[in-house]
Number of protein chains: 2
Amino acid sequence: MILKSQVEWALHCCAILAGLPEGRYLSTKALAEFHGLPKEYLSKALQSLSQAGLVHTTLGPSGGYRLAKAPAELTFLEIVEAVEGRTRTFVCTNIRANNPCRAPGYCDETPCAVARIMWEADEAWRDKLRSVRLSDLVEILAKEIPSDLWKRSFQWVLERAG
Amino acid sequence: MILKSQVEWALHCCAILAGLPEGRYLSTKALAEFHGLPKEYLSKALQSLSQAGLVHTTLGPSGGYRLAKAPAELTFLEIVEAVEGRTRTFVCTNIRANNPCRAPGYCDETPCAVARIMWEADEAWRDKLRSVRLSDLVEILAKEIPSDLWKRSFQWVLERAG
DNA sequence: AGAAATAGGGATATTTTTTGTCCTTAATAG
DNA sequence: CTATTAAGGACAAAAAATATCCCTATTTCT
């Protein structure tokens, strides 16, 4: 069970978009080139962000993506779920229903105990992701990325932002 | 990203094995029949439990599986990891290394910040699973499964345990 | 000794998911 | 009018999940 690589891509892209000046847009092409990713496929991840309402888009030359809200209002969970979906990581197929000792028409009232426990763990994972904001990531990056690289990257993005 | 169905199977099988009297064994055949699962494939999940040292096995008629330790000493995490593996759910492909602004030979000192955050969430998931023991599950099941069904199931298993 | 049942594990097949490419359409900027 | 963009559908390739089949060594029972 491994998350799609698109999750990683989306998070890094959002980090870049977080640094974009107000009202400007960055294209799939620029984001793909910056991260060394296949443009067409990255596009699917960005479309997921768009459909989830996390980013705004514009068409035409100088078009592209920008965040739909402030980095402090955008959580990791929102980004992860936009790409990966909201279905729980544990799926209960209710195999207890196959127990040969059960009465034929017997119907369960509560979800399976195994599933409930697994879902609690799933929730713990989501709680953690919900507690981290995009702005937290940007703060960390600003601290640990060498300032010259940080500046050059910022400049690189600005030159390509519509 | 969804866990293998074998995880569900392994958890349910361990719950059954937890009720097995000291020194007795239950076969793949019985476990598969009880849960309505494909015997050959379930066998792979049980082999994973065996390789992880969570269960003991014996060969021959009356052979099968029993827990290698008390249900109170066996955590959900151990079972899940035995089947699903111990690799983290988020894999970092270090796409920051593709940044065109980086100096050619530049080498990162710390893991990517995005990965660190995702791994923390992964740890939260594992922490939760580690906090639940197989005996906790058995307690819950004992409470919510109708007592006649519980007894019949126990009997069913006993009749097939070697 | 022989027959039957078992776990272990290798080989293979099928299905689903992930990853990726290609192309068309509508919108936008210059 | 042209170039560029996002959106999205169709399709292809690769990887992973889900099986199935078969052989071997071991154990139990007769």
Side-chain angles (χ1 to χ4, degrees), chain A residues 1-10 13 17 23-33 35-68 82-85 87 89-91 93 95 160-162, chain B residues 1-10 13 17 23-33 35-66 68 80 82-85 87 89-91 93 95 160-162:
Chain A
M1 182 193 66
I2 288 178
L3 290 164
K4 303 188 205 183
S5 54
Q6 285 191 341
V7 169
E8 181 187 17
W9 303 356
C13 286
L17 294 181
R24 304 189 64 181
Y25 292 82
L26 196 61
S27 70
T28 306
K29 187 185 169 199
L31 286 166
E33 191 183 340
H35 294 111
L37 302 172
K39 180 168 97 73
E40 307 281 357
Y41 192 35
L42 172 62
S43 168
K44 305 294 184 186
L46 298 172
Q47 281 174 40
S48 296
L49 295 178
S50 175
Q51 284 165 3
L54 307 185
V55 296
H56 278 162
T57 70
T58 55
L59 289 175
S62 85
Y65 298 87
R66 67 171 173 83
L67 294 182
V83 171
E84 188 66 41
T87 62
T89 59
F90 180 87
V91 171
T93 63
I95 63 176
R160 286 156 184 85
Chain B
M1 182 192 66
I2 288 178
L3 289 163
K4 302 188 205 185
S5 55
Q6 286 192 339
V7 169
E8 180 187 18
W9 302 357
C13 286
L17 293 180
R24 303 190 64 182
Y25 292 82
L26 196 60
S27 70
T28 306
K29 188 184 169 199
L31 286 166
E33 192 183 340
H35 294 112
L37 301 173
K39 180 168 96 75
E40 307 281 0
Y41 192 34
L42 172 62
S43 168
K44 306 293 184 186
L46 297 172
Q47 281 174 38
S48 296
L49 295 179
S50 175
Q51 284 165 2
L54 307 185
V55 298
H56 279 160
T57 71
T58 55
L59 288 176
S62 84
Y65 299 87
R66 67 171 173 84
V80 170
V83 172
E84 189 65 43
T87 61
T89 59
F90 180 87
V91 171
T93 63
I95 63 176
R160 286 157 183 83

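These values consider heavy atoms only, across backbone and side chains, with no hydrogens, waters or symmetry-generated copies. Reminder, nothing fancy here: chain letters follow the sequence lines and each chain counts from 1.
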Nearest-neighbour nucleotide for the Pro38(A) side chain, dA6(D), dG20(C), dG8(D) considered:
dG20(C)

For Tyr41(B) against Gln6(B), the heavy-atom pair lying closest together
CE1-NE2, 3.0 Å

Find the distance Lys39(B):NZ to dA19(D):P and express it as a whole number of Å.
15 Å

Could you state the atom-to-atom distance from CG of Leu31(A) to P of dA6(D) in whole Å?
9 Å

On DNA chain D, compare the nucleotides closest to Pro61(A) and Trp9(B); which residue's is nearer the 5' end?
Pro61(A)

Consider the side chain of Gln47(A), meaning its heavy atoms from C-beta on, and name the nucleotide among dT28(C), dG8(D), dA7(C) that approaches it most closely.
dG8(D)

What integer distance in Å separates Gln6(B):CD from dA19(D):P?
9 Å

Using only side-chain N and O atoms of Thr58(A), determine if any of them is under 4.0 Å from OP1 or OP2 of dA6(D).
no

From CG of Leu42(A) across to P of dT21(C) the rounded distance in Å is 12 Å

Taking all non-hydrogen atoms of both residues into account, name the closest pair between Ala68(A) and Gly53(A) and its distance.
CB-O, 3.3 Å

Here the distance between atom P of dT28(C) and atom NE2 of His56(A), to the nearest Å, is 14 Å

Between Thr57(B) and Ile2(A), who's closer to the 5' end of DNA chain C by nearest nucleotide?
Thr57(B)

Starting the side chain at C-beta, find the nucleotide from dA7(C), dT18(C), dA6(D) nearest to Lys4(A).
dT18(C)

Which nucleotide, dA29(C), dA6(D), dA7(C), lies nearest any side-chain atom of Leu59(A)?
dA6(D)

Write down the distance between CG (Leu49(B)) and P (dA7(C)), rounded to a whole number of angstrom.
13 Å

Considering only dC21(D), dT6(C), dA6(D), which nucleotide approaches the side chain of Glu40(B) most closely?
dC21(D)

Taking donor-acceptor contacts at under 3.5 Å, does the side chain of Lys44(B) reach the base of dG8(C)?
no

Provide, to the nearest angstrom, the distance between the CD atom belonging to Glu8(A) and the P atom belonging to dT18(C).
16 Å

Less than 4.0 angstrom between a side-chain N/O of Tyr41(B) and OP1 or OP2 of dT15(C), yes or no?
no

Find the distance Leu17(B):CG to dA7(C):C1' and express it as a whole number of Å.
14 Å

From dA6(D), dT28(D), dG9(C), pick the nucleotide closest to the side chain of Thr28(A)?
dA6(D)

Shortest side-chain distance from Ser50(B), nucleotide among dG8(C), dC22(D), dT27(D)
dG8(C)

